[in-house]
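Lettering of chains follows the sequences in order, A, B, ..., and the numbering in each one begins at 1.
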2 protein chains.
Amino acid sequence: MTLTIPDILEERCTTRQALERLASKWRVLLIYALLAGPQRHAELRRRVAGITQKVLTETLRDMEHDGLVERQVLKQTPPQHVEYALTTLGKTLQEPLAAICAWATEHPAGLHRVAS
Amino acid sequence: MTLTIPDILEERCTTRQALERLASKWRVLLIYALLAGPQRHAELRRRVAGITQKVLTETLRDMEHDGLVERQVLKQTPPQHVEYALTTLGKTLQEPLAAICAWATEHPAGLHRVAS
DNA sequence: CGGGATCCAAATTGATACTG
DNA sequence: CAGTATCAATTTGGATCCCG
C-alpha cells in the first residue's frame with residue numbers, strides 16, 4: 001500500500017540492473033538448490049531438472065562473478081572435485097526469494113497457461 | 001534458516017512454472033510500473049525505459065493471459081484509448097516484489113559487473 | 001569429473017511499415 | 001493511439017567432442 005516506488009524504471013538505476021540480473025529462471029532455481037548447501041556440478045545438474053551442462057556452467061560463472069556463488073576446487077587431480085556454494089551475499093537472497101516462491105505456491109492457478 | 005525447500009526443481013512443479021514466468025526482466029518492471037495505477041500503452045512505454053513497443057505489447061498480452069493484467073478499451077474510435085491495470089492477482093505480487101527490490105536496493109554493490 | 005570449444009537450430013529483439 | 005506484420009540481426013540454447 002505505502003510502497004515507495006523508486007525509479008527502478010530508469011535504465012541506469014543500479015537497483016534495476018541488479019533486478020535484471022536476478023530475473024532469470026536458472027539463477028533463481030540454482031540459488032534455490034544451493035540453499036541446501038554446497039554442491040557439486042553433477043549434483044546440481046541432477047537437482048535442477050532440465051538444465052544443461054553448458055547453461056549450468058555459464059550460469060554458475062555469472063553468479064560467481066556477481067558475488068553470489070563461490071567455487072571451490074577440492075582436488076587438483078584430473079578427476080576434479082569442485083563445489084559451489086552460496087556466498088554470504090547469495091544467502092541473503094533466501095528471504096526475498098522465499099517470498100516469491102511462497103507467492104507462486106499460493107497462486108497455483110494464477111499463471112496457468114491458457115491456450116490461445 | 002528453517003525454509004522448507006519444495007521440489008520446485010522439478011520441471012513439472014507448478015510453482016516452478018509460475019516462477020519461470022515471473023522471472024522476466026520486463027514483467028517485473030511492468031508490474032512495478034503498474035503498481036502506480038492503471039496506465040496507457042504510450043505511458044508505460046515512456047516509464048519503462050528501454051522497452052520497445054513490440055515487447056511491451058507482447059509482455060502485456062502474456063501477463064493479461066496469465067491473469068496478472070487487465071486491459072480496458074475506453075474508446076472505440078480510431079484514436080484508441082487503452083488502459084492496462086493490475087488485476088487483484090497481479091496486485092498480490094506487490095509484497096514479494098517489494099522484497100526483491102528492497103534486496104536489490106540494499107545490495108547495490110552486490111551485482112556489480114566485473115570486467116572479465 | 002568438470003568444463004572449454006564448436007557448430008547449429010531456435011527463440012528474442014530491433015527496426016520499419018502499415019491499419020483500424 | 002494501439003497494435004499487427006515482417007524481416008534482419010542477435011542472443012540463447014542444445015548437442016557433441018575433447019582435454020586436464
Side-chain angles (χ1 to χ4, degrees), chain A residues 9 11 16-17 19-30 33-34 37-66 68-86 111 113 115-116, chain B residues 9 11 16-17 19-30 33-34 37-66 68-86 113 116:
Chain A
L9 299 177
E11 286 182 298
R16 165 163 167 179
Q17 291 171 0
L19 217 51
E20 290 180 2
R21 222 85 61 68
L22 285 179
S24 145
K25 166 182 168 180
W26 296 123
R27 289 192 126 173
V28 170
L29 291 178
L30 272 177
L34 286 171
Q39 279 155 87
R40 308 186 50 179
H41 182 100
E43 225 171 326
L44 287 169
R45 196 131 104 90
R46 245 178 298 114
R47 291 189 51 129
V48 182
I51 198 168
T52 62
Q53 175 265 316
K54 182 186 181 181
V55 173
L56 174 57
T57 301
E58 285 175 354
T59 310
L60 283 173
R61 276 208 299 159
D62 287 349
M63 295 176 66
E64 185 188 358
H65 126 285
D66 275 344
L68 295 175
V69 162
E70 235 170 27
R71 179 174 182 269
Q72 319 170 33
V73 181
L74 302 186
K75 292 181 190 174
Q76 206 51 279
T77 50
Q80 270 189 77
H81 185 107
V82 180
E83 281 205 342
Y84 295 90
L86 288 181
L111 302 187
R113 183 169 299 247
S116 63
Chain B
L9 299 178
E11 285 181 299
R16 163 162 167 178
Q17 290 170 1
L19 217 51
E20 290 181 1
R21 222 85 62 69
L22 284 179
S24 145
K25 165 183 169 178
W26 297 123
R27 286 181 100 121
V28 171
L29 291 177
L30 272 177
L34 285 171
Q39 278 155 88
R40 308 185 50 180
H41 183 100
E43 225 171 325
L44 287 169
R45 195 132 103 90
R46 244 178 299 114
R47 291 190 51 127
V48 182
I51 198 168
T52 62
Q53 178 266 318
K54 183 184 179 181
V55 172
L56 173 57
T57 301
E58 286 174 355
T59 310
L60 283 172
R61 278 209 299 160
D62 287 349
M63 294 175 68
E64 185 188 359
H65 126 283
D66 274 344
L68 295 175
V69 162
E70 233 169 28
R71 178 175 183 269
Q72 320 170 34
V73 182
L74 302 185
K75 293 181 190 173
Q76 206 51 280
T77 51
Q80 269 189 77
H81 186 108
V82 181
E83 282 205 340
Y84 295 91
L86 288 180
R113 182 168 299 247
S116 63

For the pair made of [atom1] in [X] and [atom2] in [N], what is the distance, rounded to whole Å?
X	N	atom1	atom2	answer
A:Leu74	D:dG20	CG	P	22 Å
A:Lys25	C:dT12	NZ	C1'	15 Å
A:Gln72	C:dG2	CD	P	14 Å
B:Ile51	D:dA2	CD1	C1'	14 Å
B:Gln80	D:dA2	CD	C1'	5 Å
A:His81	C:dG2	NE2	P	8 Å
B:Asp62	C:dA11	CG	P	15 Å
A:Leu56	D:dG14	CG	C1'	14 Å

Does [X] put a side-chain nitrogen or oxygen below 4.0 Å from OP1 or OP2 of [N]?
X	N	result
B:His41	D:dG3	yes
A:Tyr84	C:dG3	yes
A:Thr52	D:dG14	yes
A:Arg40	C:dC1	no
B:Arg61	D:dG3	no

Which atoms form the tightest heavy-atom contact between A:Tyr84 and A:Leu34, and what is the distance?
O-CD2, 3.4 Å
Selection from [options] that lies nearest to any side-chain heavy atom of [X]:
X	options	result
B:Val55	C:dG14, C:dG4, D:dA15	C:dG14
B:Val82	C:dT13, C:dG2, D:dG3	D:dG3
B:Lys54	C:dG2, C:dA15, D:dT4	C:dA15

Across the strands shown, which category fits B:Arg45 at heavy-atom distances under 4.0 angstrom: base, sugar-phosphate, nothing?
nothing
Want to settle it: does B:Glu43 or A:Glu58 sit nearer the 5' end of DNA chain D, counting the closest nucleotide to each?
B:Glu43
Can a salt bridge be assigned to the pair A:Arg47 and A:Glu43 using a cut-off of 4.0 Å between side-chain N and carboxylate O?
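No, no charged N to carboxylate O under 4.0 Å.
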The reported gap from CZ in B:Arg45 to CD in B:Gln53 (rounded to nearest 0.5 angstrom) is 5.5 Å
In Å and rounded to the nearest 0.5 Å, what is the OG1 to CD distance from A:Thr59 to A:Glu64?
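It comes to 12.5 Å.
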Qualifying residue, where the test is side-chain contact (heavy atoms from CB on, under 4.5 Å) with B:Met63 and the options are B:Arg27, B:Arg21, B:Glu70:
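So the option named by the test is B:Arg27.
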